[in-house]
Participant: 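Input: one structure, supplied below.
For this chain, numbers begin at 1 and follow the sequence in order.
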Amino acid sequence: MDARKAHKASSSSSPSSSSKRWEYQVFLSFRGEDTRKGFTGHLHAALSDDGIRAFLDDNELKRAEFIKTQLEQAIDGSMISIIVFSKSYADSSWCLDELVKIMECRERLGQQVIPLFYNVDASDVRKQTGSFAQAFEKYEAGICEGKHEKEKVQRWRNALTQAADLCGEDLKNAAGNEAEFIKKILRVVNNLVNRNYQLDIEHLVGITSRLNDVVRMIDIENSGSKDVVRMIGILGMGGIGKTTLAKTIYNKFERIFEGRSFLADVREVFANQRSNGLVGLQEQLLNDILKSQGIKVGSVAKGIDMIRARLCCKRALVIIDDADDLEQLEAIAGARGWFGPGSRIIITTRDKRLLEQAGVDSTYIAEKMDDEEALGLFRRHAFESGCPNQEYLDLSKRVIRYCRGLPLALRVVGSFLIKRSTAQWENQLEKLEKLERCPDGKIHETLRISFDGLPDDTTRNIFLDISCFFIGMDKDHVTRILDGCGFFATIGISVLIERCLVTVEKYDRLGMHDLLRDMGREIVYENAHGHPEKFSRLWKREHVTDVLNDESGTDEIQGVALYMPWSDKARFRAQAFTNMKKLRLLHLSNVELTGEYKDFPKKLMWLSWHGFPLESIPDDFPMQPKLVALDLQRSKLKIVWKDCKLHENLKILNLSHSYELTKSPDFSKLPNLEELILEYCSNLSEVHSSIGDLGRLSLVNLEGCGMLRDLPLNFYKSKSIETLILSGCRSFDNLAEGLGDMVSLTTLKAHMTAIREIPSSILKLKKLKVLSLAPVSKNLRPKYLDSLISLENLDLASNDFCSLPSLSRLSQLQVLSLEWCKNLRAIPDLPTNLKVLKANGCPKLETISDFSEMSNIRELYLSDSGKLTEIPGLDKSLNSMTRIHMEKCTNLTADFRKNILQGWTSCGYGGIFLSGNDIPDWFDCVHDDDIVYFTVPQSVGRILKGLILSFVCSSGFSDGRISIKNMTKGTELDAKIIHESQTEGYYLWQGQLSNDELKLQDGDKVLIEVIVEEEYGWENVKVKKTGVSLVWDKFMNENMVDYHLCDYERRPSQNLVNDDDIIHVENDHYMTKSPDFSKFPNVEKLILKGCFHLYKVHSFIGDLGRLSLVNLEDCESLEDLPLNFYKSKSIETLVLNGCSGFGDLADGLGDMVSLTTLKADCTAIRQIPSSIVKLKKLRILSLSGCFRLTEDAIPKDLCGLISLEDLLLEYNLFRSLPSLAGLSKLKVLCLNACRELLAIPDLPTNLYVLKATGCPQLETISDFSKMSNMRELYLSDSFKLTEVPGLDKSLNSMTRIHMEGCTNLTADFRNNILQRWTSCGFGGIYLNGIYDIPEWFKFVNHGSCRDGLLADNIVLFEVPQIIMGRDLEGLIICFVYSSFALGRKLEFGIIVRNLTKQTALHTKIAFASLRTYGRPEDHLFWWRPEDHYLWQGQLSNDVLGLEGGDLGSILVRPDNVDFARVKKTGVHLEWDKVMKENMDNPDPHLYDWETNGDFSGGVDESISRNCCH
């Protein structure tokens, strides 16, 4: 433990429960004489090499110990059992007994079982035939002879049958290749063993679209890239969300890789620990991916070799977060070949050049948040409720505009404005909006608002010092150093923490976000106008080395930090510091200074020189009268000073890890020393006697000084020392009798020493608060302990005493630890103010003192005390308690259990953990699952105080939370109130939630779900039962001590129940199972959209007699529906679109007689059940994007769907379809992007729409001569198609034909459809641009802008005088155009001007072709080359009103000339031909008339934009 923390917070030990993990990950059951020295031995070696602990009897049991009990214990203690069935497996009754035990563990513990069939048929195992029959003939004979019991033999048979029915692996499937067979088994085992570790991500807003963009770059699903190692960069300015995005990617994909590693804060690790930072990262990478803990590499070079050698066959996901130096990447992921095929390496960085140097395959540029996302994030920080009123909302929108989508700025500004008045908001916003910013927004300008708001210059200087030097350092050390600078840091750092500029992280260390750090450093840069020698603080390696090499330092410089890698040590002259007269902060790492020190700066407050290269501090090193902290860790010192100068202000001396130091320095010239840290000075054998004369010394940390045997007697005369740490001093065997004279001692930690007796004078230590003596042996004398009247924390863990003296006189004792005292039989009288008692793992413990007056006890840990029956009086002290752990206390009396469960009052974090597999019978609602539902009854004069919650769970878990959905109010409370548990077997948890948090009211419908996550080493954690009981008028006590551990997250829930007829849930990322629908008997509509963790739908759904709609869209984890679902006679609509994991529609589908709509796009469905033809009411069937669906999976008799109107089969891979001619009501058939489709079969004659765009293999299509109802035909990009037989016979009904990209159409086919077209208005014929305007067009414009001629998009025509007997029916219009953009919708306006009558008709009857499927080669272009198209359509003269002699013009104008250009225009006057107006016009403004316009010359000026230049 950090020494400073131990000294400062001596009484704040955090209690934790015991942990028990699986002893083995795999148990191997096999027949020794068949496979021990061959296949099983190789398999065991492969498992071991892969970091998997597998039990093999040769390795784990000596021959004499080879007994059945131990084997059964090994099976019980294994996560997975692998059974190697070989020919003589059944010959061994031991093997069969093992098998029975394994199958029992599978049933009882949920153990995974993998059968392997090694040169034996699975059917022989299942049916006991072949070699297995011979064995059982022997056993059956043994029954008659009395050698075997009949029941036992039957158990063997049953176990063999059950095991053979499981999903296993057969050597035959690997073509007899044992090496490949073992590799396959390893993959299966790794998938089962791997821990589903999810990185913690706070406040996910707007992540989905960004995630999808990166997922496309990662390209995991593409079969062509599965064996390729891809490296992806995520680039963006600090704080824009790169790490959040990387964590989200990790959480999404980590389960599908063999190994994974998230290397966080690489830049910070590298910067703070240059000497071993890279080594540490390499070790983490290796340990993470190889699932180990003890891999050490020693050096970067060796680490590279180990990564290259050991990970080259591992398919790994590696996240390198916040890299900023190529050296980091070269050490961690220097080449793709270091990792196995299919690996993905993701690098987040702010440095584009770094990604270019690394040669990444793709780079995602992180995007700023849009206004909606930004507002969502800002509200979470600026408002406690997350929901501002309108006045604040308007002000919030101004903040959003100012912050410009930077997440960190939103958080900082939001935290600054929270709980402030609107006037203060207005004032701050005025200030922000007057600041000058560049258009892209400089991040330091956004963040500087918090810096500018600091109260004074000293606080600003503290911020700048921390940003340049002190990130990651102990808060109290930094406070003392900066106090020495006159900065009043105690209050100053508090202000910075309040302003969200600085955070206090684990072990009380200072933290700061990258952007805030960089903003502080940018301020230093600006103040010096970019000249390093004038910087007030120097931290960048290049700047520091330049200044030191040039010896150009000035008296502007106040601080210098230079971290050099261990492999690249630097050398400078000491004189380089001569001119830095104001230098007060100096940190050097792996730096050597040569020459004289006589002119070295003399005003240092902090001197940190890691890797100090000299054997002693030089004699000419000047006295430092202001020096507060001297840190010479990892030095080569043998003697600190030869002649120590007076350092009057020195308070902290840290010489840790100075391995050559044998003696401490003389302390006589350090009169004000407060902290002496000599951790792991492994050769230190002597501490100078002057240490006892240091009147202010408060902390002495000698942890890990393995050669130190004792301390000078003078040491024990100290009246100031408060903390003494001797832990790990394995040679230290003597605490002198003078210990009792150390009257200020508050903390003594001496575990893992050679101390065997405590001096009796310890009783004089009246201020001692923390005493750790684990172990000390049996020499603990009662009188020594009960006299320590100030003792607050007593740690006697792992001692071998049998009993303890009474501790009742220790009135201040708060924490007592007796864990793993294996011989302890009784716990004596305890002080009534004790708060925490830890006595896990004391198997002989039988009795414990009376707890009836323990009114302050809060936490009690007594797991694994199998002999304990009760704790007398505990029910009298429950009001103060927050946590009881008594798992595996299997002999507790029923009365004791009942008393503590019913007497429990604590709400919030904690609860009671007991062994057991049932919920008490007094609970109101109990359900056999992890979900329970209830309705709050009428209070009738009562007050609802809260809920008692309970669940029964198997095995241990690492994280537990409870989701409480108020389905009436549409709100949700996510309560993380459950402490982790790591207990084997079933146990019961009970806890409470106060209605102050829940806010439940009469009539509220409430759904509660218990969500637990597996701990590493535990498998198949399952919530067996869940219960809830409402508490009326009873006292409930919120646990405020652990309130910081209790994470209450409130959010609006889209769960709505209206009169019990609708359940509507959208985007609930916490829901894993649907509710129990038995509580909603009248529900009619079930909508569970976007619940991508939902994997189970409750089976009662099939019994809902009124249910008509089920929408499960985008439930990605859902793989199937309960069989009972298909019994429904009421469901009319089923939507499964986007359920990417859904692979099975059961054959019972045909029994859903009311089903009219089935949508299952983008699912994993492989087979359409044949029973689907029984669905006589089905009108819509959509199975688009089901890539696993082939022609064999489609029933041949689809024509049985007599009501089918829409059949949508886009984006599938089948090559053919059955005849659809019998679908007499089919109106729409969609086959777009079926890229393997060769032919379209016979179609029903009533079909309205056929869409088959993007089918490049399509060669033939059925005869259309009788398709008299056909209106729309889409066949674009059918490159092999030459014609549509009989289409010219069905043109009278058609309104549009799309055959763009059909480049092989015959001339006769084209002429027939173009000349026989009858439809007028919206629609028309679309063909490829290689075909010119037909030659029978009379008016065609071939002009250009040159020589004053007309543009390509206008054509003039004259209507001849009407000839008797002929009528002008209308105009046929045709134009050729080019399109430049893929998938962009373009509208063409066609303007027909009557220049004679001065009128104009504006029409919108044509749209540019949408080539969204494209040619086979289109994937080569990110920007599509120019495409050419031809359009032909008609306008009826009933609309135009043209008469003989009229002069007219036609102008064709795209709505965006940047993406389309008309190349040629033509018009043909049609006489006497039938023209039919398309009444399916989608636009009410299809025709707009304009009269009396300016028609000078008949040419609109706007056409010039279509001209050539």
Side-chain angles (χ1 to χ4, degrees), residues 19-31 40 43-44 47 52-57 59-61 65-85 89-90 92-117 125-126 151-169 185 188-195 864 866 887-888 890 915-918 952-957 981-987 1012 1014-1025:
S19 62
K20 178 178 173 62
R21 301 180 184 274
W22 294 103
E23 188 175 3
Y24 304 99
Q25 291 166 311
V26 173
F27 178 88
L28 289 169
S29 176
F30 62 98
R31 181 75 165 115
T40 301
L43 175 58
H44 180 264
L47 290 167
I52 296 169
R53 179 159 166 74
F55 179 93
L56 186 76
D57 57 23
N59 289 30
E60 304 297 336
L61 295 175
E65 297 171 339
F66 192 69
I67 58 174
K68 186 172 294 187
T69 302
Q70 289 172 295
L71 278 172
E72 290 180 348
Q73 289 174 353
I75 295 170
D76 264 331
S78 298
M79 184 191 307
I80 303 166
S81 283
I82 295 178
I83 309 164
V84 184
F85 287 121
Y89 184 91
S92 168
S93 61
W94 280 63
C95 287
L96 295 173
D97 285 340
E98 277 181 15
L99 179 63
V100 170
K101 177 67 175 178
I102 288 169
M103 300 311 289
E104 286 176 358
C105 287
R106 178 179 179 269
E107 181 66 24
R108 179 169 51 87
L109 302 177
Q111 187 182 86
Q112 294 288 330
V113 178
I114 305 172
L116 306 181
F117 303 98
V125 179
R126 183 181 300 108
E151 292 78 14
K152 188 172 189 177
V153 173
Q154 188 58 47
R155 284 198 297 272
W156 291 345
R157 287 187 180 276
N158 293 342
L160 285 167
T161 301
Q162 292 168 11
D165 283 336
L166 297 175
C167 182
E169 303 293 339
I185 297 163
V188 173
V189 172
N190 271 311
N191 286 337
L192 293 172
V193 167
N194 285 343
R195 172 185 183 178
D864 300 297
E887 303 98 316
K888 299 189 76 173
T890 53
S915 288
N917 59 7
D918 208 352
V952 175
C953 190
S954 65
S955 301
F957 61 86
S981 179
Q982 298 172 345
T983 298
E984 190 178 26
Y986 280 102
Y987 64 89
V1012 295
E1014 293 177 1
E1015 176 63 280
Y1016 178 73
W1018 300 95
E1019 181 123 338
N1020 289 336
V1021 173
K1022 179 183 178 182
V1023 176
K1024 179 183 177 184
K1025 289 186 178 182

Participant: Please report the interatomic distance CE(M79) to OH(Y24), rounded to the nearest 0.5 Å.
Facilitator: 14.0 Å
Participant: Of the non-hydrogen atoms in C95 and F30, which two are nearest, and what is the gap between them?
Facilitator: SG-O, 3.3 Å
Participant: As a test of understanding, state which of V125, V113, I114, L166 forms a side chain to side chain contact (heavy atoms under 4.5 Å, CB included) with I83.
Facilitator: V113
Participant: Among side-chain atoms of E98 and S29, is any donor-acceptor pair under 3.5 angstrom?
Facilitator: yes
Participant: Which value, rounded to the nearest 0.5 Å, describes the distance between I102 atom CD1 and Q112 atom CD?
Facilitator: 13.0 Å
Participant: Rounded to the nearest 0.5 Å, how far does CG of L96 lie from CG of L160?
Facilitator: 5.5 Å
Participant: What is the distance from atom SG of C953 to atom CG of N917, rounded to the nearest 0.5 Å?
Facilitator: 12.5 Å
Participant: When the ring planes of F27 and F55 are compared, do they come out parallel, tilted or perpendicular, using 30° and 60° as the limits?
Facilitator: parallel
Participant: Might you work through the salt bridge (charged side-chain N to carboxylate O under 4.0 Å, His left out) test for K1024 and D918, ending with a clear yes or no?
Facilitator: CA-CA 9 Å; K1024 179 183 177 184; D918 208 352; over 6 Å; no
Participant: Taking atom types as modelled, is there a side-chain donor on Q154 or N158 under 3.5 Å from an acceptor on the other?
Facilitator: yes
Participant: Run the numbers on L71 and D97 for side chain to side chain contact (heavy atoms under 4.5 Å, CB included), then give the verdict.
Facilitator: CA-CA 10 Å; L71 278 172; D97 285 340; over 6 Å; no
Participant: Hey, mind stepping through I82 and I185 against side chain to side chain contact (heavy atoms under 4.5 Å, CB included) and telling me if it holds?
Facilitator: CA-CA 10 Å; I82 295 178; I185 297 163; 4.2 Å; yes
Participant: Would you check if W156 and V100 make a side-chain contact, meaning some heavy-atom pair closer than 4.5 Å?
Facilitator: yes
Participant: To the nearest 0.5 angstrom, please state how far the CD atom of E104 sits from the CD atom of E72.
Facilitator: 8.0 Å
Participant: Can you check whether L47 reaches V189 side chain to side chain, under 4.5 Å on heavy atoms?
Facilitator: yes
Participant: Which atom names give the shortest non-hydrogen contact between R126 and T161, and what distance separates them?
Facilitator: O-OG1, 2.9 Å
Participant: Rounded to the nearest 0.5 Å, what separation is found between the CD atom of E23 and the CZ atom of R53?
Facilitator: 6.0 Å
Participant: Regarding D76 and K101, does a basic nitrogen lie under 4.0 Å from an acidic carboxylate oxygen?
Facilitator: yes
Participant: Can you tell me if S92 uses its side chain to pair, donor with acceptor, with the backbone of W94 under 3.5 Å?
Facilitator: yes
Participant: Is the closest side-chain donor-acceptor distance between S81 and Q111 under 3.5 Å?
Facilitator: yes
Participant: What are the two closest non-hydrogen atoms of L99 and A163, and how far apart are they?
Facilitator: CD1-CB, 4.1 Å
Participant: Work out which heavy atom in R31 is nearest to a heavy atom in Y89; give both atom names and the distance.
Facilitator: CB-CA, 3.9 Å
